[in-house]
Number of protein chains: 2
Amino acid sequence: MRITNQREIILEELKRLKTHPTADELYEVVKKRLPRISIATVYRNLERLSEAGIIHKLEYGGRQKRFDGDVRPHSHVFCIRCGRISDVDTVDGLDVREMVLDSKGFQIKEGSLQFQGVCPVCQKEKQLNVN
Amino acid sequence: MRITNQREIILEELKRLKTHPTADELYEVVKKRLPRISIATVYRNLERLSEAGIIHKLEYGGRQKRFDGDVRPHSHVFCIRCGRISDVDTVDGLDVREMVLDSKGFQIKEGSLQFQGVCPVCQKEKQLNVN
DNA sequence: ATTGGTGCAAATGCTTTGCATAAAG
DNA sequence: CTTTATGCAAAGCATTTGCACCAAT
């Protein structure tokens, strides 16, 4: 995998952001440093980098995929209202693969806890709408 | 929610299938009983039913969403090659919410284990491709 | 010099929506 | 009778792709 300017900066910005951005959110950020970059380049690199295991593609919560520059095993919550994703701190030394009794013939590569709920922003919005 | 023929049959077929079908897979099955049904009706009903908590929408693994007629808490694996989803049997009495230390302000509604791996079908295909 | 990557625009494919008609309560 | 759902076709929108040009090795 060739090291291009675009690839480096995409990876750098994704690792800096802790927000699990969508491709277009990341595109907006990267564009500040590379004004002529194309959204297609962002998509292509996010795909390549996640295939290589350098980043993670998150496919839950809403229509758009989200990306995570932190590949250490950890758990996520996603907001059922807005799709926002956050890390969740869980008890230490958790290996979820130990909890499997029958994987139905699947060869399991990874496992994690996944939560869904309502994010702080959407909790506030709900209160306002009640008034 | 009005009980229409279409709605009943969509729900019935989804509950019968254990394959976590996509909207169009379910559409093909339902069409055998209701040849004039529209794919839009399938989408609209799957949305309504999942909002009502009668079914579950599964948003991981591939571009298409998948649906589950079984709403009892349980875990899934999805295939990183083809997106196929299967149930996974895990140790009993597991309440994953007990494992949360910090939910980062999210109000957590549900939690589950989620695994990714390679399904039996794709394992075979890989072997064949090697020859 | 060669190979892989980029930018642009067009195409793709899943999902949603507007609207007239039909069915449920 | 009123309201909600359906079928059809068109629109939407995130993502992917073809292609000519450019940059990394």
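Because only heavy atoms are used, hydrogens play no part in the values below, and waters and symmetry mates are left out as well, while side chains stay in.
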>> Ignoring hydrogens and geometry beyond distance, is a side-chain donor-acceptor pair present between His20(A) and Asp87(A) at under 3.5 Å?
In response: yes
> Between dT6(C), dA24(C), dA9(C), which nucleotide gets closest to the side-chain atoms of Thr4(A)?
Replying inline: dT6(C)
> Which hydrophobic side chains are connected to Ile9(B), either touching it within the sub-4.5 Å cutoff or through other members that do?
Replying inline: Met1(B), Ile10(B), Leu11(B), Leu14(B), Leu17(B), Leu26(B), Tyr27(B), Val29(B), Val30(B), Leu34(B), Ile37(B), Ile39(B), Val42(B), Tyr43(B), Leu46(B), Leu49(B), Ile54(B), Ile55(B), Phe67(B)
> Should Val96(B) and Ile108(A) be regarded as members of a common hydrophobic cluster, given that ILVMFWY residues are connected when their side-chain heavy atoms come within less than 4.5 Å of each other, either directly or indirectly?
Replying inline: yes
> Mind checking whether Val118(B) and Ile85(B) sit in one hydrophobic cluster, side chains of I, L, V, M, F, W, Y counted as touching below 4.5 Å?
Replying inline: yes
>> If the cut-off is 4.0 Å, is Ser38(A) near the phosphate of dC8(C), judged by side-chain N/O to OP1 or OP2?
In response: no
>> Taking the ring of Tyr60(A) and the ring of Tyr60(B), is the distance between their centroids below 6.0 Å?
In response: no
>> Taking the basic N atoms (NZ, or NE/NH1/NH2) and the acidic carboxylate oxygens, is any pair closer than 4.0 Å for Glu110(B) and Arg97(B)?
In response: no
> Quick one, which residues of residues 5-21 of chain B touch DNA chain D with a heavy atom under 4.0 Å?
Replying inline: Gln6(B), Arg7(B)
>> Within the supplied structure, the quantity of interest is the number of heavy atoms (other residues, nucleotides, ligands) at a distance under 6.0 Å from Asp95(A) CG; does it exceed 12?
In response: yes
>> Check Glu59(B) with Arg63(A), please: is the shortest side-chain N to carboxylate O separation under 4.0 Å?
In response: no
> What is the distance, rounded to the nearest whole Å, between atom CZ of Arg44(A) and atom C1' of dC19(D)?
Replying inline: 10 Å
>> Can you confirm whether Val88(B) sits close enough to Phe106(A) that some side-chain heavy atom of one is under 4.5 Å from a side-chain heavy atom of the other?
In response: no
> Hey, what bend do you get for the helix from dA1(C)-dT25(D) to dG25(C)-dC1(D) if you fit axes on five pairs at each end, rounded to 10°?
Replying inline: 40°
> Are Glu13(A) and Lys32(A) ion-paired here, with the side-chain N under 4.0 Å from a carboxylate O?
Replying inline: no
>> I'd like to know whether CG of Leu101(A) has more than 12 heavy-atom contacts from other residues, nucleotides or ligands below 6.0 angstrom.
In response: yes
>> Testing the basics here: between Asp70(B) and His56(B), what is the closest heavy-atom pair and its distance to 0.1 Å?
In response: O-ND1, 4.3 Å
>> Using a 4.0 Å cut-off on heavy atoms, which residues in residues 45-54 of chain B reach DNA chain D? List them by number, or say none.
In response: Asn45(B), Arg48(B)
>> Any residue in residues 28-36 of chain A with a heavy atom nearer than 4.0 angstrom to DNA chain C? Just list them by number, or reply none.
In response: Arg36(A)
> dT16(C) P sits how many Å from Tyr27(B) OH, rounded?
Replying inline: 16 Å
> Can you tell me how far C1' of dA22(C) sits from CZ of Arg2(B), to the nearest Å?
Replying inline: 11 Å
>> Within the 3.5 Å criterion, strictly below it, is a donor on Asp68(A) or His76(A) matched to an acceptor on the partner's side chain?
In response: yes
> Between Lys57(A) and Glu51(A), does at least one N-O distance fall below 4.0 Å, as a salt bridge requires?
Replying inline: no
Dump every N/O contact between nucleotides 12-15 of chain D and the protein below 3.5 Å, one line per pair.
{"residue": "dT15(D)", "atom": "OP1", "partner": "Lys65(A)", "partner atom": "N", "Å": "2.9"}
{"residue": "dT15(D)", "atom": "OP2", "partner": "Tyr43(A)", "partner atom": "OH", "Å": "2.3"}
{"residue": "dT15(D)", "atom": "O5'", "partner": "Tyr43(A)", "partner atom": "OH", "Å": "3.3"}

> Can you name the nearest heavy-atom pair linking Cys122(B) to Cys79(B), along with the distance?
Replying inline: SG-SG, 3.8 Å
